[in-house]
Amino acid sequence: MTFHRLLSLCAFCFYLFTADPTLADELFEKPVRLQAEGKIIDTGAAWGHSSPCIEDLDGDDLADLIVGDFSGTFQFYKNVGRSDAPVYMDIGKVQADGKDAKVNIYCCVGGQPRFVDLDGDGIRDFISSSYDPGTCFYFRGLPDHKFAAPIELKDKAGVPVRSSVKQQQNYQSFGSFYTPVDWDADGDFDLLIGCFDGHLKLRINEGDAKKYAFADENQTVDAGGKPLEVEKHCCPVIADWDQDGLWDILAGSDEGSVTWFRNTGSKTAPQFSEGVVLIPKHEGNGYKQVIWDEDTMVPGIRSQIDVVDYNQDGKLDLILGDFNTTYDFRDDLTKQEKQQVETLLSESEKLGKAYGDKMTALREDFKKRYPGDEIFSEKANKEWSEAYKALKESPEAKAFEKHDAEFAKQMRPFLASTRGKGDRSFDLAKSHGYVWLYFRK
Amino acid sequence: MSNLSLKQYPSACNRRILWQLCLSCALLSVSGCEQTADRETIPENSSTAHQPEVETGFPAESRQETALKAVDRAEGEQVSVLLELPAEEVKPGMSFPLTVKFVIAPLWEIRDLNAQPANVATQIKLELPDGFQQEADWQAPPTGRSLGADSHPVYSGQVEFRQIIQVAPEVTPGEYDVSCQVQYQACDEFRCLSPVQKKLQVTVRVK
């Protein structure tokens with residue numbers, strides 16, 4: 001066999017290896033980004049983190065789209081199309097008590113709305129997660145499709161419902177996700193609490209369908225005989241995914257994946273099998289994406305999801321909100337210019353990795369040597385200050401910093417727009433938050 | 001209130017000399033920190049944080065240690081902030097240095113001065129009495145890179161922002177309060193905490 005034939009065979013084998021269809025390919029059509037008024041919905045101006053939810057918000061029997069994001073507000077996209085082929089019009093922010101409904105978010109997540117009639121008055125309310133304090137905010141539904149000012153949901157003892165009941169630090173419940181579920185089929189809504197660290201808790205409603213009274217403890221939800229867990233930012237939603245008559249749990253994650261936990265229990269005693277990844281994690285960290293062809297674009301990180309039969313074909317579909325930052329290249333870049341960009345990016349990545357590796361090593365060393373609260377000791381602090389200073393003065397850091405400003409300067413001519421006007425690579429890529437629709441095959 | 005612009009790496013020679021002279025002096029007086037944020041990052045620290053104190057005559061090293069303890073790092077504070085002035089009494093017509101020192105715990109970081117949105121950026125605003133004026137822009141230390149995935153510019157470890165305050169010749173003898181509003185947001189690899197605002201205050205004696 002000649003060298004060239006061998007090379008070709010290797011390349012073919014590599015293709016077969018890397019091009020294996022994923023479960024997502026088998027289950028779903030190629031995902032598309034939802035649009036409103038002819039434009040792709042993008043929460044990038046608010047630092048992304050789209051958090052979609054489907055609900056008939058205005059009572060016209062057409063399911064609308066509500067999208068939370070990093071701003072903590074909720075955008076109302078009215079369905080002006082058909083029930084099986086929605087067309088969205090941007091109506092503005094969802095209002096509560098005459099103001100923009102809002103939860104407190106300044107890191108890492110979007111405000112995730114979930115609709116439910118929590119007080120059994122026949123009017124749909126909605127709840128939303130928050131980043132800080134990480135508790136669940138209840139927007140009671142009022143007549144004429146209005147909402148009251150938010151209140152924090154509290155347990156029967158008056159303590160806010162949250163993922164960490166007895167907090168050592170006030171940030172332990174930050175970034176929790178809430179979704180209603182009648183866990184024990186007793187006719188009222190309990191709460192699933194997706195945790196920032198990826199686990200899932202349950203807060204039982206000991207009241208009834210008219211008057212909620214949440215327990216003062218969480219239960220841990222298991223799957224496959226161990227605590228249910230995704231790779232951080234567990235954003236749960238319930239749906240009978242396999243249509244066996246029992247609701248299942250689907251969960252988004254920090255890394256952008258979607259995992260299905262099949263309910264193998266009963267209507268009054270749910271149990272869950274080990275998770276099946278429906279959508280694989282985003283390849284890469286979601287930042288500074290290079291997209292030459294929009295048709296190849298895939299969802300970013302921090303998937304926040306809803307499940308609905310979007311086109312009413314009897315099969316449940318998946319709606320996924322994401323976050324990413326992406327370079328906005330000029331449309332008219334020549335092949336040569338693209339090559340220049342690739343060269344710049346390659347060099348930047350190499351220098352960034354060298355610096356990043358040193359930083360990671362330093363970080364891991366401190367985590368190991370100073371577990372728990374020891375990290376706040378004077379000794380750890382002194383050592384860290386010295387080590388961090390040394391890191392900043394290392395050849396790797398200096399090379400990266402020197403290169404970074406030059407990189408930003410050289411990249412700017414290739415870009416149609418940038419995140420900011422600064423001279424760092426961080427100032428270039430723009431944030432986005434799309435809403436992806438995965439039609440079930 | 002002086003809403004001061006901040007620039008990095010000013011390198012005026014005369015300022016350096018002045019710094020060396022002034023830092024050789026003992027420190028005069030420092031107060032504790034007053035939390036003014038709606039939500040404090042670590043409520044357990046509020047008991048010490050709300051009690052301004054005045055200390056005089058400490059050698060520099062000793063006084064620094066006392067100040068660090070005053071913000072209660074042992075209970076898990078991610079960031080402590082210290083406002084320092086020289087020990088010498090100030091004479092009208094003279095200048096004195098002022099330092100805002102952040103001590104950021106291992107694995108934690110705060111945003112740089114230009115971060116967006118502004119409510120997560122580190123901010124330092126002086127409130128100076130009549131006759132007191134900042135001489136130039138702040139001297140800001142070089143930033144590092146975030147532990148997070150996007151490597152945005154941050155500060156970690158111990159960082160100092162320096163300023164020179166000019167006392168006008170016509171300022172009459174007496175005690176004057178110099179206040180500094182500080183805002184920062186602490187983040188680690190995975191999460192950020194509530195933006196925190198602190199007010200630090202020192203008393204300067206003009207003789």
Side-chain angles (χ1 to χ4, degrees), chain A residues 47 104 106-108 131-133 168-171 174-175 196-197 232-233 254 284-288 301 325 352 355-356 359-360 362-363 366-367 369-370 372-378 380-389 391-393 397 400-401 404 419-420 422 424-427 429 431, chain B residues 8 38-45 65 68-69 71-80 101-109 111-112 114-117 119-120 141-160 185-195:
Chain A
W47 199 241
N104 189 33
Y106 52 75
C107 176
C108 317
Y131 177 73
D132 175 359
Q168 301 296 313
Q169 306 282 358
N170 74 342
Y171 56 81
F174 278 15
F196 200 72
D197 69 3
K232 298 185 175 61
H233 300 205
D254 179 40
N285 64 20
Y287 291 89
K288 302 178 185 174
I301 57 172
T325 71
Y355 183 15
M359 192 183 293
T360 301
L362 177 65
R363 188 172 63 208
F366 269 76
K367 280 182 189 171
R369 290 195 293 121
Y370 296 102
D373 280 350
E374 288 181 38
I375 204 74
F376 298 114
S377 67
E378 289 295 328
N381 185 62
K382 187 169 183 292
E383 272 190 41
W384 174 260
S385 288
E386 290 167 0
Y388 191 80
K389 188 180 174 194
L391 172 69
K392 283 200 301 181
E393 291 170 357
F400 176 75
E401 294 294 349
D404 199 50
R419 174 179 181 267
R424 312 254 188 154
S425 58
F426 173 70
D427 299 304
S431 62
Chain B
Q8 296 187 338
D38 291 338
R39 266 187 294 272
E40 294 179 6
T41 306
I42 303 294
E44 289 89 336
N45 290 324
E65 286 176 7
L68 286 175
K69 287 176 186 171
V71 293
D72 211 354
R73 172 165 298 275
E75 289 188 23
E77 179 93 329
Q78 290 79 12
V79 179
S80 58
K101 183 188 292 180
F102 291 78
V103 182
I104 304 149
L107 310 180
W108 289 86
E109 60 195 29
R111 305 295 294 270
D112 73 340
N114 302 312
Q116 291 294 324
N119 68 337
V120 302
T143 55
R145 294 299 171 139
S146 172
L147 303 169
D150 65 348
S151 67
H152 57 266
V154 296
Y155 295 111
S156 190
Q158 185 169 308
V159 289
E160 293 183 6
Q185 181 185 42
C187 299
D188 70 1
E189 185 183 357
F190 303 111
R191 67 171 67 80
C192 292
L193 307 184
S194 309

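Just so it is clear, the structure is predicted and the values come from calculations on it, not from any experiment. Letters A, B, ... mirror the listed sequences (proteins, then strands); counts begin at 1. What's counted below: heavy atoms across the whole structure, side chains too, no hydrogens, waters or symmetry copies.
- Judged by distance alone, the side chain of Tyr131(A) and the main-chain N or O of Arg191(B) form no donor-acceptor pair under 3.5 Å.
- The OG atom of Ser156(B) sits 8.5 Å away from the NZ atom of Lys392(A) when rounded to the nearest 0.5 Å.
- For the atom pair Tyr171(A) OH and Gln78(B) CD, the distance stands at 5.0 Å (nearest 0.5 Å).
- A distance of 9.0 Å separates CD of Gln169(A) from CG of Leu193(B), quoted to the nearest 0.5 Å.
- For the pair Lys382(A) and Gln158(B), the minimum side-chain heavy-atom distance is 4.5 Å or more.
- Asn381(A) is listed as a side-chain neighbour of Val103(B), based on a closest heavy-atom distance under 4.5 Å.
- Residues Ala380(A) and Pro106(B) approach most closely at O-CG, 3.4 Å, considering heavy atoms.
- Glu189(B) CD to Arg363(A) CZ: the interatomic distance, rounded to the nearest 0.5 Å, is 3.5 Å.
- Distance check, rounded to the nearest 0.5 Å: OG of Ser425(A) to CZ of Arg145(B) gives 5.0 Å.
- Residue Tyr355(A) touches chain B through its side chain alone, counting heavy-atom pairs closer than 4.5 Å.
- Arg424(A) has its side chain within reach of Thr143(B): a pair of non-hydrogen atoms, C-beta onward, lies under 4.5 Å apart.
- Using a 4.5 Å cut-off between heavy atoms, Asp404(A) contacts chain B through its side chain alone, with no backbone atom that close.
- Across Glu386(A), Lys389(A), Lys232(A), the residue that shares the most heavy-atom pairs under 4.5 angstrom with chain B is Lys232(A).
- Considering only heavy atoms from C-beta on, Pro153(B) comes within 4.5 Å of Phe426(A) through its side chain.
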- Item | Criterion side chain to side chain donor-acceptor pair (under 3.5 Å) on Ser194(B) and Tyr106(A), from CA distance to verdict | CA-CA 8 Å; Ser194(B) 309; Tyr106(A) 52 75; 3.1 Å; yes
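- Under the 4.5 Å side-chain criterion, counting only non-hydrogen atoms from C-beta, Ser151(B) is in contact with Lys288(A).
- The choice from Tyr388(A), Phe400(A), Tyr370(A) that makes the most heavy-atom pairs within less than 4.5 Å of chain B is Tyr388(A).
- The shortest non-hydrogen separation linking Cys192(B) to Cys107(A) is N-SG, 3.4 Å.
- Note: Trp384(A) CH2 to Ile104(B) CD1 = 10.5 Å, rounded to the nearest 0.5 Å.
- The shortest distance between side-chain heavy atoms of Phe190(B) and Asp197(A) does not fall below 4.5 Å.
- No other option in Phe174(A), Tyr287(A), Phe196(A) has as many heavy-atom pairs under 4.5 Å with chain B as Tyr287(A).
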